[in-house]
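Proteins get letters first, then strands, A, B, ... in listed order; numbering begins at 1 in each.
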Amino acid sequence: MNFRPLPPTFARKDTIEVALALIGKLLILQAQDFSVRVSRIVETEAYLGEEDPACHTFGGRKTPRTQAMYGTPGTAYVYFIYGMYYCLNVVTGKGEAVLIRALEPLEGFTEEQRRNKVLSGPGKLCRELGITKELNQKNLFDPGAAVFIAAERDGLEEHSHDVIHGERVGISSAGDAAHWPLRFGLKDSAFLSSPRF
DNA sequence: ACCGCGATGCCCT
DNA sequence: GGGCATCGCGGTA
């Protein structure tokens with residue numbers, strides 16, 4: 001598929017802007033056997049660092065796990081949750097990050113996988129794509145890497161598209177922060193995660 | 001359609 | 001030892 005690399009500084013912006021800008025971008029995986037899988041980012045969530053009760057770095061926590069979140073903007077933060085799932089984030093710097101919540105399979109997937117929406121959820125997409133701690137702290141904007149983010153050429157990204165927003169998912173114990181509208185989705189996409197916006 | 005719950009292991013106190 | 005940025009199942013309606 002035809003894609004356009006993004007500047008390495010892509011994620012060096014306000015976290016909410018990055019969460020919005022990532023909608024419509026491509027996540028590309030190149031395997032050792034030269035097979036390629038391409039998907040479109042259709043849903044993200046912003047995590048606003050030390051001031052955000054729902055964020056892993058809330059209160060300035062510097063632990064082994066949160067190390068990646070203080071890395072260079074554009075690095076991957078992959079964490080393990082509920083004993084069986086990984087979740088993938090794009091670090092934006094200073095302890096903030098954007099969670100990738102859902103993808104639309106575009107290339108390198110079967111019709112059945114598309115029908116079954118195997119990438120519609122933060123845990124599901126990592127399971128299906130084989131994303132694990134191995135990817136933690138890797139640069140996500142290097143077109144030579146096994147996993148990277150790029151823009152779609154002559155595709156959705158070249159046209160205007162509407163983004164909807166809603167409350168974040170699964171953080172009910174974070175007080176008011178649970179209601180902050182930091183979840184973003186591609187309007188009318190059939191590949192958004194549960195629960196509905 | 002919605003709701004409740006169990007699985008399962010790491011992280012942090 | 002408690003909690004968790006999830007998911008899919010089984011029950012009730």
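The distance from atom NZ of A/K62 to atom P of B/dC12 is 13 Å, rounded to the nearest whole Å. Atom NE2 in A/H56 sits roughly 16 Å away from atom C1' in B/dT13 (whole-Å rounding). In this structure, A/E43 atom CD and C/dA5 atom C1' are separated by 12 Å, rounded to whole Å. Rounded to whole Å, atom C1' of B/dC10 lies 13 Å from atom CG of A/N136. As rounded to whole Å, 14 Å separates atom P of C/dC4 from atom CZ of A/R168. Taking atom CD1 of residue A/I81 and atom C1' of nucleotide B/dC11, one finds them 9 Å apart after rounding to whole Å. The CD1 atom of A/I100 sits 13 Å away from the C1' atom of C/dA5 (whole-angstrom rounding). We find that CZ of A/F58 is positioned 16 Å from P of B/dC12, with the value rounded to whole Å.
Taking the six-membered ring for Trp and thresholds of 30 and 60 degrees, A/F10 and A/F141 have ring planes inclined between 30 and 60 degrees apart.
Each of C/dA5, B/dC12, B/dC10 was ranked by its minimum atom distance to the side chain of A/F80; first place goes to B/dC10. For A/R61, whose side chain is taken as the heavy atoms from C-beta onward, the closest listed nucleotide among C/dG8, C/dA5, B/dT13 is B/dT13. Minimum atom distance to the side chain of A/T63 is reached by B/dC12, of the listed B/dC12, C/dA5, C/dT6. In this structure, the nucleotide among B/dC11, C/dT6, B/dC12 sitting nearest to the side chain of A/P64 is B/dC12. Taking every side-chain heavy atom of A/M84 into account, B/dT8 is the closest of C/dT6, C/dC7, B/dT8.
Taking the ring centre of A/Y86 as origin, the terminal cationic atom of A/R127 falls outside the region bounded by 6.0 Å and 45° from the ring axis. Remark: A/K94 is not positioned above the aromatic ring of A/Y70, lacking an NZ or CZ atom under 6.0 angstrom from the ring centre and at most 45 degrees off the axis. In this structure, A/R65 fails the cation-pi test against A/Y77, since its NZ or CZ atom is not both closer than 6.0 Å to the six-membered ring centre and inside 45 degrees of the ring normal.
The base of C/dA5 is paired with the side chain of A/Y79 by a donor and an acceptor separated by under 3.5 Å.
Among the atoms of the strands shown, base atoms are found under 4.0 Å from some heavy atom of A/L99. Among the atoms of the strands shown, only primed sugar atoms or phosphate atoms (P, OP1, OP2) are found under 4.0 Å from some heavy atom of A/R65. Within the 4.0 angstrom heavy-atom criterion, base atoms lie near A/G83.
Linking Ile, Leu, Val, Met, Phe, Trp and Tyr residues whenever their side-chain heavy atoms come within less than 4.5 Å places A/I16 and A/F197 in a single cluster.
Residue ring and nucleobase are not stacked for A/Y85 and C/dT6 under a centre distance beneath 5.5 angstrom and an angle between planes beneath 30°. No aromatic stack links A/Y82 and the base of B/dG9, using centre distance under 5.5 Å and interplanar angle under 30°.
Considering only side-chain N and O atoms, A/R127 lies under 4.0 angstrom from the phosphate OP1 or OP2 of C/dG8. Within the structure, every side-chain polar atom (N or O) of A/R183 is placed at least 4.0 Å from both OP1 and OP2 of C/dA5.
Proximity of the aromatic rings of A/Y85 and A/Y79 is defined here by a centroid distance below 6.0 angstrom, and this criterion is not met.
Of the nucleotides present, C/dG2 is the one that pairs with B/dC11 by Watson-Crick or G-U wobble criteria, both distances under 3.5 Å.
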